Amino acid sequence: MSLEFLTADSFHDPFAFPAPPAWKRRSTENDAKQPLLYFHTDINSCYASCERILDPSLKNRPVVVLSNNDGCLVALSAEAKAMGYRLGDPWFKVRDQALARGVVARSSNYELYGDISSRVMAVLREYAHGFEQYSIDEAFLTIPVSPAEAVHIARAIKDDLARRIGVPVCVGVARSKTLAKLANKTAKKVPVLRGVCVWDRLPQARRSALCQALPVDEVWGVASRTRKKLAGMGILTIADLTEADIPMIRKRFSVVLMRTVLELRGISCIPLEEERKFKDQLIYSRSFSTPIVDREEMAQVMSVYAQRAAKRLVRDSQHAKHLSAFCATSYYGADLVFPAVQVRLQAPTADPVVLTKAGLKLLEHAAFDGPRYARAGMLLTDLTPADSATAFDLFQYPHEKRQIATTIAAIEQKLGEGTVGLGRAGFARRPLWEMKRELLSPRGTTHWEELVAAR
DNA sequence: AGGCCTCAG
DNA sequence: AGTTCTGAGGCCT
């Protein structure tokens, strides 16, 4: 993978880019004549690139970012990929050799990535007529322009993000989201494209060669299960899938795959999604650094998880009506034990006391005479906006009137995360089972005391 | 309506 | 010994 754009002159030259050009404007009646094109943008090796922004010594070095609990690789710089490391490699397996070969590893620092992400999204919105943030590092934009113009816009987006934020991105452009994703992937794989691929500007021969070479699961929305089923019918490549019989796909598979096939043909049928104001569910689930066998320790886990989940509810201004709590032994062990409990709450709540009490019901359903629990979690569903129904005092929990959750939030705001905790979560030191994040970088853009220093 | 399956990043 | 976490949508019953 070429990283030449990182060293290109334009990367450093603030005068290399003119003021926002004419197409960086909201729609006019003129736009109606243009076809709507989908621009798919994503940050190359997002987490590794974010780590690099704050630590330039990582430039040109192999960088890997580890999942929660420092379990496996979730992001790799181009150099690390070139050395043969792969997404999902268990860290404990590659660790010694990787460190010896000069690989730099970091625990995932979601606060940093979230902050960089929002800066990137803000820039992207400047270019977009329609906009959808698809994930922390990806967005779809729609812009009514010709493919010829799209080439320039896509390149401007890429250069702008390199200059203003310092992240490398690729841009794929096409008439549907699915093709835009495919174009993006092409931009990543074909160095001469220099990070930008407008599908309709690729020579037809190149496009079909690509589609005949790539397996179906390179397509957005097609994964291993569908690949196997398709293979049984002789549909192996993207080209095969594009030509597949639509009614057959609808009948033997699903509307989802049917849409995918249409989109591959350039017929857009997966529109931009509206921004979801509220989530439908909230999950707080973690693996432990060491297994839990003890009931009292699991009680502590539930207490901590309930309070963290409560904190998210408060942040999102939501209340929950239903809670399920579970714990589980390792996936990889011989016999999976997976106790779970469902609790219907009396009223929608974000109260950590209520949630803790509900979570503790798990202990009544779980055995503690052998199972070594590797993870636990809490699932909050039936979420409602916090201001909707709770006006009725009658249905409020008594703690809520005393504002426990918001008080805790206020104290943590002032004194820092984890300075207060209720009941079992009020420990002075981190408990043993807390997930590992040993290689964490500073939260250099969001916390004063960890602010990045410039000389 | 709710459990299960599939998928994504 | 150790292998992520979170969220959505469709299908089936």
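Convention: sequence-line order gives letters A, B, ...; per-chain numbering from 1. Bear in mind that the values here come from a model prediction, so they are computed numbers and not experimental data. Just so you know, these numbers use all the heavy atoms, side chains as well, and skip hydrogens, waters and symmetry mates.
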- [ ] Using only side-chain N and O atoms of R227(A), determine if any of them is under 4.0 Å from OP1 or OP2 of dT6(B).
- [x] no
Task: Pair E79(A) + R101(A): basic N to acidic O under 4.0 Å - done: no
Open item on the list: If you compare every side-chain N and O of S285(A) against the phosphate oxygens of dT6(C) (OP1, OP2), does one of them come in below 4.0 Å?
Closed with: yes
TODO: Just say parallel, tilted or perpendicular for the rings of Y110(A) and Y47(A), cut-offs at 30° and 60°.
DONE: perpendicular
- [ ] Looking at every strand, decide which applies to R312(A) at a 4.0 Å heavy-atom threshold: base, sugar-phosphate, or nothing.
- [x] sugar-phosphate
Open item on the list: Under a 3.5 Å threshold, yes or no: a donor from one side chain and an acceptor from the other, between Y127(A) and D160(A)?
Closed with: yes
- [ ] Check every strand shown and say whether D137(A) touches a base, only sugar-phosphate, or nothing at a heavy-atom separation below 4.0 Å.
- [x] sugar-phosphate
Open item on the list: Do the side chains of D382(A) and K321(A) get close enough for a salt bridge, i.e. N-O under 4.0 angstrom?
Closed with: no
Open item on the list: Counting only side-chain heavy atoms from C-beta out, which of dT6(C), dC7(B), dG10(C) sits nearest to T226(A)?
Closed with: dC7(B)
Open item on the list: Considering every strand and a 4.0 Å limit on heavy-atom distances, what is the contact class for D280(A): base, sugar-phosphate, or nothing?
Closed with: sugar-phosphate
Open item on the list: Mind checking if L282(A) touches a base, just sugar-phosphate, or nothing, with heavy atoms under 4.0 Å?
Closed with: sugar-phosphate
Task: Out of dG9(B), dC5(C), dG7(C), whichever nucleotide has its closest atom nearest the side chain of Q281(A) - done: dG7(C)
- [ ] Among dG9(B), dT3(C), dG7(C), find the nucleotide with the atom closest to the side chain of K181(A).
- [x] dG9(B)
- [ ] Identify whether any heavy atom of V219(A) sits under 4.0 Å from a base atom; if not, whether one sits that close to sugar-phosphate; answer base, sugar-phosphate or nothing.
- [x] sugar-phosphate
- [ ] Round to the nearest Å and state the distance from K228(A) atom NZ to dT6(B) atom C1'.
- [x] 12 Å
- [ ] Using the C1' atoms only, state how far dT4(C) lies from dC7(B), rounded to an integer number of Å.
- [x] 16 Å
